[in-house]
**Q** 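Encoded as structure tokens, here's the structure I'll be asking about.
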Amino acid sequence: MPRFTSTILTVFLLSCTAAPTPSAGDALTVVTTIYPLQYLAERVGGDHVNVTNLTGGGVEPHEYELTPSDRTLLQHADVVLWNGGEVDSWMTGVVAELEQTGVQVVEVLPVVKPLPADPHFWHDPRRMMMAGDTIANVLRAGDAAHDADYSANTDALANDLQALDAELEQLTQGCALHDVVTAHDAYAYLAERAGFTLHAIAGISPDEEPTPRHMQELQNMIRDTGVETVFFETLTSPALAEALAKDTGVQTGVLNPLEGLTQEDLDAHHDYLTIMRSNFAALRRALHCQ
């Protein structure tokens, strides 16, 4: 499978403020807004970066609010990676301010060819490769001395993501069902690649309240299609999913949207790859795949 690159990246980097150059032996200070970007920065940067994720264990990022200590951390970073879109829109107001102080701020979503109005690109391993390439180029620009290490780390990441992508290609083969009900609309990239039909209770943000009409439509769809599982999530209340499952006489399951890790995830040393594979397994059970 070919590596993915983006001409958007080249234009972006040429237009950026000059990247900071660390002293010999120093690590670049990288701040991220959500877990998938933390994972990529740590994989690509290796020992040459110190990565801090603003929305740490147990924090749901959509409605996060920056604290004074967050702002201080951002102002002293070498590189800030934010997603863009509704998932971390709270960064919008500080980006220009940070750029004026010389911090290199990178919005990742535009370079991964996103689906319209959907920021959850990390459910597609191919787009994760594109984001990894973007981050590698940013780190090289700020720390050319370790170019070879960043390249090797990016290659290792790409190998892992290619293996995951091969599993995704086979995800829904031999499945008896083809409809998936989730707590919020975070899985369009996964549905596009795997070929199932996604039905979400809430919208792009998990805090969006569904209308009674929408809930009735979901009830009818579940009965008509034979759906047996309604998925809730790890960082938000399961109440609506549990109510829908109870009203339709089906079971509940768990999907991890990977916007952030729970404390249990951290304690068990789970990461992007293990959680994606856990989601794959949950979907195959729900869809009765052979």
Side-chain angles (χ1 to χ4, degrees), residues 27-67 69-91 94-95 98 103-109 111-112 114 119-125 127-140 142-143 146 149-150 153-154 156-158 160-161 164 186 189 233-235 256-279:
L28 286 172
T29 299
V30 180
V31 177
T32 61
T33 58
I34 57 172
Y35 170 70
L37 300 183
Q38 176 191 359
Y39 174 78
L40 289 173
E42 290 175 341
R43 286 293 308 268
V44 172
D47 295 334
H48 306 306
V49 296
N50 290 322
V51 182
T52 301
N53 185 37
L54 294 179
T55 53
V59 177
E60 206 292 317
H62 283 85
E63 300 301 321
Y64 188 73
E65 294 183 6
L66 289 171
T67 67
S69 61
D70 290 338
R71 292 176 180 270
T72 299
L73 185 65
L74 289 165
Q75 291 165 358
H76 288 86
D78 295 315
V79 176
V80 172
L81 302 174
W82 70 299
N83 193 74
E86 193 169 339
V87 70
D88 56 0
S89 58
W90 35 268
M91 275 290 295
V94 299
V95 168
L98 292 172
V103 177
Q104 182 141 354
V105 183
V106 181
E107 183 181 7
V108 175
L109 188 63
V111 302
V112 300
H120 306 91
F121 76 89
W122 53 88
H123 291 291
D124 181 356
R127 286 180 167 95
M128 281 289 276
M129 281 186 265
M130 296 170 70
D133 286 343
T134 297
I135 292 169
N137 278 282
V138 171
L139 297 182
R140 288 189 192 98
D143 182 19
H146 296 115
D149 290 340
Y150 296 137
N153 292 344
T154 305
L157 171 66
D160 287 343
L161 292 173
L164 185 70
Y189 293 90
E233 297 176 353
T234 51
L235 292 176
N256 190 328
L258 272 164
E259 295 164 345
L261 300 185
T262 66
Q263 190 59 50
E264 291 77 10
D265 291 329
L266 294 169
D267 292 343
H269 304 290
H270 290 314
D271 65 6
Y272 170 82
L273 295 174
T274 62
I275 293 172
M276 283 288 283
R277 289 188 167 103
S278 178
N279 283 346

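Because the structure is predicted, anything quoted here is derived from the model rather than measured.
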**Q** When you look at Ile135 and Val106, which way does the side chain to side chain contact (heavy atoms under 4.5 Å, CB included) test go after all the steps?
**A** CA-CA 8 Å; Ile135 292 169; Val106 181; over 6 Å; no

**Q** Considering non-hydrogen atoms only, spot the tightest contact between His62 and Glu60 and give its length.
**A** ND1-OE2, 2.7 Å

**Q** Asn279 side chain to Met276 main-chain N or O, any donor-acceptor pair under 3.5 Å?
**A**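 Pair absent, no side-chain N/O of Asn279 close to backbone of Met276.
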
**Q** In terms of the angle between their ring planes, are His48 and Tyr150 parallel, tilted or perpendicular, with boundaries placed at 30° and 60°?
**A** perpendicular

**Q** Using side-chain hydrogen bond (donor to acceptor under 3.5 Å, both in side chains), reason through His146 and Asp143 one step at a time and then give a plain yes or no.
**A** CA-CA 6 Å; His146 296 115; Asp143 182 19; 2.7 Å; yes

**Q** Determine the minimum heavy-atom distance between Val30 and Ala41, stating which atoms define it.
**A** CG1-CB, 4.2 Å

**Q** Walk me through whether Asp78 and Val49 qualify under side chain to side chain contact (heavy atoms under 4.5 Å, CB included).
**A** CA-CA 10 Å; Asp78 295 315; Val49 296; over 6 Å; no

**Q** For Leu28 and Gly142, which heavy atoms make the closest approach, and how far apart are they?
**A**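 Closest approach of Leu28 to Gly142: CD2-O, 4.1 Å.
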
**Q** Do Leu40 and Met128 come within less than 4.5 Å of each other through their side chains, counting heavy atoms only?
**A**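 Result yes, sub-4.5 Å side-chain heavy-atom pair found.
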
**Q** Between Asp88 (side chain only) and Asn83 (backbone N and O only), is there a donor and an acceptor less than 3.5 Å apart?
**A**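 Indeed, once roles are kept as given, a pair shorter than 3.5 Å links the two residues.
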
**Q** Does Thr55 reach the main-chain N or O of Thr33 with its side chain, forming a donor-acceptor pair under 3.5 Å?
**A** yes

**Q** I'd like to know if the side chain of Trp82 reaches the main chain of Ile34, judged simply by a donor and an acceptor atom lying under 3.5 Å from each other, with no hydrogens or angles considered.
**A** no

**Q** Is it true that a side-chain atom of Asp267 and a backbone atom of Glu264 form a donor plus acceptor pair closer than 3.5 Å?
**A** no

**Q** For residues Met130 and Thr134, determine if any side-chain heavy atom of one lies less than 4.5 Å from a side-chain heavy atom of the other.
**A**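 No. Closest side-chain heavy atoms not under 4.5 Å.
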
**Q** For the pair Trp90 (side chain) and Pro61 (backbone), establish whether a donor and an acceptor sit closer than 3.5 Å, ignoring hydrogens and angles.
**A** yes

**Q** If we only count heavy atoms from C-beta on, is the His76 to Thr29 side-chain gap below 4.5 Å?
**A**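 No, their side chains stay 4.5 Å or more apart.
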
**Q** Do Thr32 and Asn53 get their side chains close enough for a donor-acceptor pair, meaning under 3.5 Å?
**A**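 A donor-acceptor contact under 3.5 Å links the two side chains.
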
**Q** Do Gln104 and Val80 come close enough that some side-chain heavy atom pair is under 4.5 Å?
**A** no

**Q** Arg127 and Val112: which non-hydrogen atoms are nearest, and at how many Å?
**A**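 Shortest heavy-atom separation between Arg127 and Val112 comes out as NE-O, 3.1 Å.
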
**Q** Going from CG on Leu164 to CG on Asp160, what distance comes out if it is rounded to the nearest 0.5 angstrom?
**A** 9.0 Å

**Q** Are Tyr272 and Leu161 packed together at the side-chain level, in the sense that at least one heavy-atom pair is separated by less than 4.5 angstrom?
**A** yes

**Q** For the atom pair CE (Met129) and OG1 (Thr154), what is the distance rounded to the nearest 0.5 Å?
**A** 12.0 Å

**Q** Report the distance from atom CG of Asn153 to atom CD of Glu42, rounding to the nearest 0.5 Å.
**A**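 The CD atom of Glu42 is 12.0 Å from CG of Asn153, to the nearest 0.5 Å.
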
**Q** Please lay out, stage by stage, how His270 and Leu261 fare under the test side chain to side chain contact (heavy atoms under 4.5 Å, CB included).
**A** CA-CA 8 Å; His270 290 314; Leu261 300 185; 5.8 Å; no

**Q** Give the minimum heavy-atom separation between Leu73 and Thr52, together with the two atoms involved.
**A** CD2-CG2, 3.5 Å

**Q** Evaluate the ring planes of Tyr35 and Tyr39, with Trp represented by its six-membered ring, and classify them as parallel (under 30°), tilted (30 to 60°) or perpendicular (over 60°).
**A** tilted

**Q** Between atom CD of Gln75 and atom CG of Leu98, what is the distance when rounded to the nearest 0.5 Å?
**A** 6.5 Å

**Q** Nearest heavy-atom pair of Val103 and Leu74: which atoms, and what distance?
**A**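 Nearest pair, atom of Val103 first, then Leu74: CG2-O, 3.7 Å.
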
**Q** Decide side chain to side chain contact (heavy atoms under 4.5 Å, CB included) for Glu107 and Val95; before the verdict, give the C-alpha distance in whole Å, the side-chain angles of both, and the deciding distance to 0.1 Å.
**A** CA-CA 9 Å; Glu107 183 181 7; Val95 168; over 6 Å; no

